[in-house]
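Inspection log for the structure reproduced underneath, given as structure tokens.
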Protein chains: 2
Amino acid sequence: MRETKLSELEKLCLEKGLKMTDQRKVIAQVLSESADHPDVEQVYQRAHNQDHRISLATVYRTLKLFEETGILTKHDFGAGRARYETSDDDHHDHLIDITSGQVIEFTNDEIEKLQRAIAEKLGFNLVGHKLELYAIPGKRGKKKE
Amino acid sequence: MRETKLSELEKLCLEKGLKMTDQRKVIAQVLSESADHPDVEQVYQRAHNQDHRISLATVYRTLKLFEETGILTKHDFGAGRARYETSDDDHHDHLIDITSGQVIEFTNDEIEKLQRAIAEKLGFNLVGHKLELYAIPGKRGKKKE
DNA sequence: CTAACTGCAAAGCGTTTGCGATGAG
DNA sequence: CTCATCGCAAACGCTTTGCAGTTAG
């Protein structure tokens with residue numbers, strides 16, 4: 001799966017005439033290995049840890065590039081900085097635990113359907129959406145921190 | 001309705017020991033008269049138009065203050081700047097026409113209910129949410145620009 | 001070889017803040 | 001009077017960019 005993602009990435013780069021530099025390889029790998037939704041600074045630190053030649057500017061440029069090619073998805077969870085995740089095939093929304101910043105992914109077909117219906121009723125074609133639930137752990141069965 | 005909102009605002013200011021300056025009055029009025037979801041720059045221009053003594057810094061400070069008192073709601077529709085609207089009693093979500101930036105408000109009880117259910121199923125208590133639909137006008141019956 | 005890429009440092013952009021002056025209560 | 005508030009300009013945090021050197025293809 002990891003290798004799949006990487007070669008897919010390289011394929012895309014070739015298609016676009018992009019060069020597969022060491023920096024891009026490392027950044028791509030960092031992201032494919034990150035289950036959380038890291039912000040730019042976190043990506044930079046993880047990448048820089050593996051290869052000191054990677055600068056913050058390159059991380060910014062690479063993340064933007066990957067986002068444009070559709071490899072990554074950029075999120076704004078409201079803390080001032082952008083956070084990234086690999087664009088999975090299956091769409092999902094996010095629940096943000098405001099006590100820890102942890103992000104939990106979920107899917108719900110019913111909501112998806114409702115959204116399309118609402119847009120159409122208003123005379124629009126839905127091209128994207130953002131659904132974020134901000135919540136605090138319930139009394140029992142809360143996830144361990 | 002407009003007067004109601006203003007006097008309500010003044011009441012809140014008194015309660016909090018805030019001073020009802022001319023600047024605040026003008027900014028409050030500008031917002032109560034704005035049906036769109038103006039960004040800070042727009043609020044500043046509309047307010048400054050009515051009273052040249054209003055500075056951008058005061059607009060920022062006042063908007064933040066009003067948001068904290070619950071009079072205003074701040075949104076980030078993803079264009080880099082914050083946008084504001086008066087906190088109406090009835091909750092609503094937003095559909096953003098990405099071709100014009102126009103924002104349309106809507107409500108949907110079913111989605112609200114689903115959101116609470118999803119959070120609970122994940123072991124959380126919902127404390128807030130954000131639902132934004134990004135769309136383009138449909139072929140027919142599009143709103144006039 | 002050469003266009004794409006990189007690191008660095010400077011600039012950009014929206015927003016916040018320190019300061020001395022002003023004014024509401 | 002006194003403390004909240006104001007305007008101004010400097011500072012801030014995140015992100016972008018100009019430039020000269022480097023490198024993949």
Side-chain angles (χ1 to χ4, degrees), chain A residues 6-7 9-28 30 37-45 47-69 71-84 101, chain B residues 6-7 9-28 30 37-45 47-69 71-84 101:
Chain A
L6 277 182
S7 54
L9 169 63
E10 300 193 19
K11 208 191 317 166
L12 280 166
C13 287
L14 291 182
E15 281 174 14
K16 301 217 166 201
L18 304 180
K19 295 185 175 174
M20 238 315 151
T21 63
D22 290 344
Q23 286 91 335
R24 286 182 183 169
K25 282 182 195 162
V26 172
I27 293 171
V30 162
H37 298 63
D39 60 32
V40 177
E41 194 65 30
Q42 290 172 313
V43 174
Y44 167 65
Q45 284 174 7
H48 191 259
N49 230 46
Q50 294 188 29
D51 187 336
H52 288 210
R53 297 170 310 163
I54 296 177
S55 72
L56 185 56
T58 295
V59 174
Y60 271 105
R61 281 191 274 235
T62 304
L63 290 180
K64 174 184 272 193
L65 187 69
F66 285 178
E67 193 207 349
E68 287 165 355
T69 68
I71 297 169
L72 295 179
T73 304
K74 183 182 189 177
H75 293 289
D76 171 22
F77 292 144
R81 19 172 184 274
R83 296 173 65 170
Y84 290 84
Chain B
L6 278 181
S7 55
L9 168 63
E10 299 193 21
K11 208 192 315 168
L12 280 166
C13 287
L14 291 181
E15 280 173 14
K16 301 218 166 197
L18 304 180
K19 296 184 175 174
M20 236 316 153
T21 62
D22 290 344
Q23 285 92 333
R24 285 182 184 168
K25 283 181 194 164
V26 171
I27 293 172
V30 162
H37 298 62
D39 60 30
V40 178
E41 193 66 29
Q42 290 172 314
V43 174
Y44 167 63
Q45 284 174 9
H48 191 260
N49 229 47
Q50 293 186 31
D51 188 336
H52 288 209
R53 298 169 310 164
I54 298 177
S55 73
L56 185 56
T58 294
V59 173
Y60 271 105
R61 281 191 274 236
T62 304
L63 290 180
K64 174 183 272 193
L65 187 69
F66 285 177
E67 192 207 349
E68 287 165 354
T69 68
I71 296 169
L72 295 180
T73 303
K74 183 182 188 176
H75 294 289
D76 171 22
F77 292 143
R81 18 171 184 274
R83 296 174 65 171
Y84 290 85

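Lettering follows sequence order; numbering is per chain, from 1.
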The criterion is side chain to side chain contact (heavy atoms under 4.5 Å, CB included); which residues satisfy it with [X], sequence neighbours excluded?
X	answer
B:D51	B:D22, B:V26, B:R53, B:I54
A:E68	A:K64, A:L65
B:T21	B:K19, B:Q23, B:R24
A:Y44	A:E41, A:H48, A:L56, A:V59

Would you kindly give the [atom1]-to-[atom2] distance between [X] and [N], to the nearest whole Å?
X	N	atom1	atom2	answer
B:L65	D:dT5	CG	P	7 Å
B:D51	C:dG23	CG	P	12 Å
B:D76	D:dT15	CG	P	12 Å
A:K74	D:dC14	NZ	P	14 Å
B:H48	D:dC6	NE2	P	14 Å
A:Q45	D:dC14	CD	P	12 Å
B:H52	D:dC6	NE2	C1'	17 Å
B:Y44	D:dC6	OH	P	14 Å

(request) For A:H37, check ring-ring contact (aromatic ring centres under 6.0 Å, His included) against everything at least two apart and list the hits. (result) A:H94

(message) Base, sugar-phosphate or nothing for A:E41? Non-hydrogen atoms, less than 4.0 Å.
(response) nothing

(request) Please figure out whether B:R81 or A:I54 has its closest DNA chain C nucleotide nearer the 5' end. (result) A:I54

(message) Generate the contact string for nucleotides 17-25 of chain D. Rules: B means base contact, S means sugar-phosphate contact only, - means no protein heavy atom under 4.0 Å.
(response) BB----BBS

(message) Main chain of B:Q42, side chain of B:Q45: is a donor-acceptor contact present, judged purely on distance under 3.5 Å?
(response) no

